[in-house]
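A short write-up of the structure that comes next.
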Amino acid sequence: MSCAADRSPTPARAGFGDCGELHELISIPEVTRFSNWPDAPKKAQIERVMKWMCSAFAKGKACAWIIEERASGRFLGAIRFNSIDKYAKWAEIGYELHPSFWGKGLMSEAVKAVARCGFDDFSLNRIEAWTLPGNRASDRVLEKAGFRYEGTLRQKAWFKNAFHDFRMFGRLASELPEEAPPQKS
């Protein structure tokens, strides 16, 4: 994964040993404000998610990476295929990044790299992602990574004691990032 300057992130497959750093990241309210992660999750919740991700990876149903600063190895965030459907050749992507690194283009580069992995290594045809209304920064991450806004699924999911609309984004294997210009949405 290549990004600008000395803050270039490098991917590494996430493992159970990453629970502490992921818990710290997910415990930052700004990071989970627009996500289905619980507010103030307990470390045991993160451990269950990591255990599930490791098991799902072994079955080919999900895959997760941590994002580290290339020079120092410092943990910056996480990115993953939350689910992979090998038969239908699609996956859903999700990600978190420490607020200190927001607005620097790092997550757009990480999404591009993971999408390329999905298309090249997993033979996916489609990768999709959702954002919540108001999360313009995440919309922009996806648009810069070649994803197109496809519409809003009203009251798609229940979490944090409310129904939430999902703004759906998708990218096809046949589309290069440059081919999907930002759209007004």
Side-chain angles (χ1 to χ4, degrees), residues 11 14 22 25-39 41 45-46 48-50 52-53 56-57 60-67 76-99 101-103 105-119 122 124-177 179-185:
L22 184 60
L25 178 66
I26 300 302
S27 296
I28 300 170
E30 299 93 330
V31 171
T32 58
R33 178 176 164 214
F34 290 109
S35 80
N36 58 350
W37 281 103
D39 295 327
Q45 289 174 292
I46 302 299
R48 278 194 304 276
V49 168
M50 290 302 293
W52 175 83
M53 285 300 296
F57 174 77
K61 296 185 176 188
C63 191
W65 297 266
I66 59 169
I67 302 169
L76 305 182
I79 187 166
R80 73 204 148 275
F81 287 130
N82 292 316
S83 61
I84 299 171
D85 185 326
K86 288 183 189 178
Y87 179 76
K89 297 186 178 285
W90 71 270
E92 178 190 89
I93 199 169
Y95 48 83
E96 297 82 31
L97 187 67
H98 193 281
F101 296 92
W102 290 357
L106 299 178
M107 190 53 75
S108 293
E109 291 299 318
V111 171
K112 285 179 193 176
V114 169
R116 185 56 32 218
C117 173
F119 297 136
F122 292 98
L124 299 174
N125 180 60
R126 175 184 170 80
I127 299 173
E128 59 188 42
W130 57 266
T131 66
L132 295 180
N135 191 355
R136 194 63 200 124
S138 196
D139 291 352
R140 199 60 204 118
V141 162
L142 293 167
E143 290 167 344
K144 286 171 57 179
F147 286 69
R148 296 179 189 211
Y149 172 71
E150 297 177 333
T152 298
L153 301 177
R154 298 176 307 138
Q155 297 187 4
K156 167 73 172 154
W158 172 268
F159 52 88
K160 297 182 183 179
N161 296 313
F163 283 105
H164 294 275
D165 295 346
F166 279 14
R167 292 174 44 79
M168 297 303 300
F169 290 80
R171 181 172 161 200
L172 303 178
S174 59
E175 297 171 335
L176 298 173
E179 293 175 348
Q183 299 174 350
K184 295 188 184 208
S185 42

- Task: List for me each residue that meets ring-ring contact (aromatic ring centres under 6.0 Å, His included) alongside Phe166, sequence neighbours excluded, and say none if there are none.
- Result: Trp130
- Query: Can you tell if the side chain of Leu106 reaches within under 4.5 Å of the side chain of Leu76, non-hydrogen atoms only?
  - Reply: yes
- Message: Any heavy-atom pair between the side chains of Lys144 and Val111 that's under 4.5 Å?
- Response: no
- Locate the shortest heavy-atom distance separating Leu124 from Ala173; write the atom from each residue and the value. O-CB, 3.6 Å
- Message: Minimum heavy-atom separation for Leu25 and Gly77, please, with both atom names.
- Response: CD2-CA, 3.8 Å
- Item | Check: His164 side chain, Leu132 main-chain N or O, donor-acceptor pair, under 3.5 Å | no
- Message: Counting C-beta onward and ignoring hydrogens, is there a side-chain heavy-atom pair between Lys156 and Asp165 closer than 4.5 Å?
- Response: no
- Task: Measure the shortest side-chain to side-chain distance between Glu143 and Phe169 over non-hydrogen atoms and say whether it is less than 4.5 angstrom.
- Result: yes
Donor-acceptor pairs under 3.5 angstrom involving side-chain atoms of residues 29-37: please list them, not counting sequence neighbours.
unit_1, atom_1, unit_2, atom_2, d
Ser35, OG, Thr32, O, 3.2
Ser35, OG, Trp37, N, 3.1
Trp37, NE1, Glu96, OE2, 2.9

- What are the two closest heavy atoms between Ile84 and Cys63, and how far apart are they? CD1-N, 4.3 Å
- Quick one: ring-ring contact (aromatic ring centres under 6.0 Å, His included) partners of Tyr87, sequence neighbours excluded? none
- The reported gap from CG in Asp39 to CZ in Phe159 (rounded to nearest 0.5 angstrom) is 10.5 Å
- Message: For the CZ atom of Arg148 and the CD atom of Glu128, what is their distance to the nearest 0.5 Å?
- Response: 15.5 Å
- Task: Flag the pair Arg126 and Glu175 as a salt bridge only when some basic side-chain nitrogen lies within less than 4.0 angstrom of an acidic carboxylate oxygen.
- Result: no
- Item | Member of Thr152, Asn135, Leu142 meeting the side chain to side chain contact (heavy atoms under 4.5 Å, CB included) criterion with Arg167 | Thr152
- Message: Surrounding NZ of Lys86 (heavy atoms of other residues, nucleotides or ligands, distance under 6.0 Å), is the total greater than 12?
- Response: no
- What's the spacing between Ile28 CD1 and Leu97 CG if we round to 0.5 Å? 10.0 Å
- Query: For Trp65 and Cys117, which heavy atoms make the closest approach, and how far apart are they?
  - Reply: CZ2-SG, 3.9 Å
- Item | Sidechain-backbone polar pair: Arg171 side chain, Ala145 backbone, donor-acceptor under 3.5 Å | yes
- Closest heavy-atom contact between Ile127 and Phe147? O-CE2, 3.3 Å
- Query: Between Tyr95 and Ile79, what is the shortest heavy-atom contact and its length?
  - Reply: CB-CG1, 3.9 Å
